[in-house]
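Take a look at the structure set out below.
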Amino acid sequence: MTWDDLDAHLDRVPGTVSAYVGRLDAPPTWTRHADAGHYAASTMKVAVLAALHRAAEAGTLDLDAPVPVVNDFASAQPGAPRFANAQPYDNDDAVWDRIGGTASLRWLADRMIVRSSNLATNLVLGHAGLPAVAEVWALAGARNSVTGRGIEDFAAREAGITNTVTAADLAALLGALATGADTPGPLASPAACATMLDVLLAQEHREDLAAGLPTGTRIAHKNGWVRGVRHGAGLVLPDDAPPYLIAVCTTADLSDGDDQVEDDACLLLAHISAQVWAARHQL
């Protein structure tokens with residue numbers, strides 16, 4: 001396979017397929033529409049995670065202090081009614097089981113990534129704040145990504161307030177965490193960056209990028225999906241080659257059904273991931 005071959009294959013896919021592939025602290029090896037904007041889906045949760053840890057390091061939040069678990073949030077649209085999440089669209093009943101009680105921000109942040117809980121995301125975002133998430137994107141060097149609202153904030157969505165990512169910006173964010181785990185960087189201390197990478201390594205939704213890798217390959221990653229959208233961004237850690245970044249964003253109605261594992265978008269991301277893995281020594 002050559003990168004031109006992969007591009008030719010993706011040219012036949014309806015919609016927009018964006019990609020960024022490369023080593024840390026180096027120009028990318030392959031990009032495809034890497035600055036094209038896509039609805040973020042759950043990939044924005046990585047920026048929320050970083051904003052939370054930055055606040056903890058600044059001393060404005062305590063990750064281990066209990067906070068109320070509620071399903072009631074202020075809209076990002078001024079004057080709009082408060083909104084709530086719908087449990088059928090979430091991925092983690094464990095968070096919902098705690099409504100009316102408390103949980104630590106650390107636990108909620110873990111569930112936000114590991115199970116991609118929407119309810120946990122809005123709870124964490126309510127404490128970290130949208131301005132802190134915007135600061136994370138800026139510090140990571142992102143140029144086009146915006147986190148403008150919480151998940152299922154439909155009043156804000158109707159007002160044009162949305163969450164947007166690009167493949168290049170997702171790679172920049174993960175790259176900042178990866179390099180920051182070794183040397184002090186703009187996002188957080190090495191210890192905090194390493195902790196965040198550990199959370200991303202534990203991510204349980206492995207049906208797209210991870211599915212294209214050999215069993216047991218470590219990948220610190222986050223994916224996101226709604227109908228017509230499937231994204232995956234990760235730091236792959238081979239045993240026999242240097243780490244590399246891969247981010248793939250698709251806006252195309254490729255799914256034949258609701259099965260998250262077998263749908264065509266997942267298979268497409270897995271195919272791209274497998275092709276990049278095969279070229280890992282030449283990146």
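Below, all heavy atoms of this structure are taken into account, side chains as well, without hydrogens, waters or symmetry copies.
In this structure, CG on Asn85 lies 5.5 Å from CG on Leu119, to the nearest 0.5 angstrom. To the nearest 0.5 Å, atoms OG1 (Thr16) and CZ (Arg32) are separated by 8.5 Å. Atom CG of Leu177 sits about 5.5 Å away from atom CG of Leu187, to the nearest 0.5 Å. Taking CG of Leu269 as the start and CD1 of Ile246 as the end, the distance is 7.5 Å to the nearest 0.5 Å. In this structure, CZ in Arg206 is found 10.0 Å from CG in Asn223, a value given to the nearest 0.5 Å. In this structure, OG1 in Thr179 is found 10.5 Å from CG in Leu174, a value given to the nearest 0.5 Å.
Of the possible polar contacts, one joining the Asn163 side chain to the Gly148 backbone as a donor-acceptor pair under 3.5 Å is found. Asn118 places no side-chain N or O within donor-acceptor distance of the main-chain N or O of Glu152, the cut-off being under 3.5 Å. When atom types are taken as modelled, the side chain of Arg280 and the backbone of Trp277 share a donor-acceptor pair closer than 3.5 angstrom. With hydrogens and angles disregarded, no donor-acceptor distance shorter than 3.5 Å links the side chain of Arg106 to the backbone of Asp64. In this structure a side-chain-to-backbone donor-acceptor pair under 3.5 Å is present from Glu57 to Ser189. Panel note: side chain Thr217, backbone Pro214; a donor-acceptor pair is recorded below 3.5 Å. Between the side chain of Thr31 and the backbone N or O of Ala34, no donor-acceptor pair lies under 3.5 Å. Judged purely by atom type and a 3.5 angstrom limit, Thr251 has no side-chain atom pairing as donor or acceptor with the backbone of Val229. Between the side chain of Asp198 and the backbone N or O of Thr195 there is no donor-acceptor pair closer than 3.5 Å. Within the 3.5 Å criterion, the main-chain N or O of Gln77 finds a donor-acceptor partner in the side chain of Ser75.
You'll find the side chain of Lys222 reaches within 4.5 Å of the side chain of Ser42, heavy atoms only. A heavy-atom distance below 4.5 Å is not found between the side chains of His9 and Gln275. The closest side-chain heavy-atom distance from Arg23 to Leu245 is not below 4.5 Å. Between Val69 and Leu123 the shortest side-chain heavy-atom distance falls below 4.5 Å. Side-chain contact between Val95 and Leu108 is present, with at least one heavy-atom pair separated by less than 4.5 Å. When side chains are defined from C-beta on, Gln203 does not count as touching Arg115, because their heavy atoms never get closer than 4.5 Å. By the 4.5 Å heavy-atom criterion applied to side chains, Leu6 and His271 are counted as neighbours.
Of all heavy-atom pairs between Leu52 and Ala109, the closest is CD2-CB, 3.5 Å. Minimum interatomic distance between Leu170 and Cys249 (heavy atoms only, all atoms of both residues): CD1-SG, 3.8 Å. When all heavy atoms of Thr121 and Met112 are compared, the pair lying nearest together is OG1-CG, 3.1 Å. Closest heavy-atom contact between Ala171 and Tyr20: CB-CD2, 3.3 Å. The two atoms that bring Leu213 and Ser273 nearest to each other are CD2-OG, 3.6 Å, heavy atoms only. Between Arg149 and Thr162 the shortest heavy-atom distance is NE-CA, 3.8 Å.
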Full working for side-chain contact (heavy atoms from CB on, under 4.5 Å) between Val17 and Ile272: CA-CA 11 Å; Val17 180; Ile272 296 170; 4.3 Å; yes

Criterion side-chain contact (heavy atoms from CB on, under 4.5 Å) on Thr2 and Asp7, from CA distance to verdict: CA-CA 9 Å; Thr2 68; Asp7 270 317; over 6 Å; no

Asp169 vs Ser145, side chain to side chain donor-acceptor pair (under 3.5 Å): CA-CA, chis, key distance, verdict: CA-CA 7 Å; Asp169 289 348; Ser145 295; 2.9 Å; yes

Verdict with reasoning, Asn71 to Asn122, per side-chain contact (heavy atoms from CB on, under 4.5 Å): CA-CA 9 Å; Asn71 187 19; Asn122 284 342; over 6 Å; no

Verdict with supporting geometry, Val276 and Tyr244, side-chain contact (heavy atoms from CB on, under 4.5 Å): CA-CA 9 Å; Val276 175; Tyr244 63 86; 3.5 Å; yes

Derivation of the salt bridge (Lys or Arg N to Asp or Glu O under 4.0 Å) call for Arg111 and Asp90: CA-CA 11 Å; Arg111 306 309 292 183; Asp90 209 334; over 6 Å; no

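The salt bridge (charged side-chain N to carboxylate O under 4.0 Å, His left out) check on Arg143 picks up Asp35, with sequence neighbours excluded.
Val46 and Val236 fall into different hydrophobic clusters, where Ile, Leu, Val, Met, Phe, Trp and Tyr are joined by side-chain heavy atoms under 4.5 Å apart, directly or via other members. Trp137 and Ile151 fall within a single hydrophobic cluster, where Ile, Leu, Val, Met, Phe, Trp and Tyr are joined by side-chain heavy atoms under 4.5 Å apart, directly or via other members. Hydrophobic clustering (side-chain heavy atoms under 4.5 Å, transitive across Ile, Leu, Val, Met, Phe, Trp, Tyr) groups Leu105 together with Leu49. Ile219 and Leu268 fall within a single hydrophobic cluster, where Ile, Leu, Val, Met, Phe, Trp and Tyr side chains are chained together by heavy-atom contacts under 4.5 Å. Both Trp107 and Leu125 are part of a single hydrophobic cluster, where members link through side-chain heavy atoms under 4.5 Å apart.
A donor and an acceptor atom, one from each side chain of Ser117 and Lys45, are nowhere located under 3.5 Å apart. Using modelled atom types and a 3.5 Å distance limit, the side chains of Gln87 and Asp93 yield a donor-acceptor pair.
Asp5 CG: more than 12 foreign heavy atoms inside a 6.0 Å radius.
Applying the ring pair (Phe, Tyr, Trp, His ring centres under 6.0 Å) definition to pairs two or more places apart or across chains, those involving residues 22-53 are Trp3-Trp30, His38-His231. Evaluation of the ring pair (Phe, Tyr, Trp, His ring centres under 6.0 Å) test over residues 203-222, restricted to residues two or more places apart or in two chains, returns His205-Trp225.
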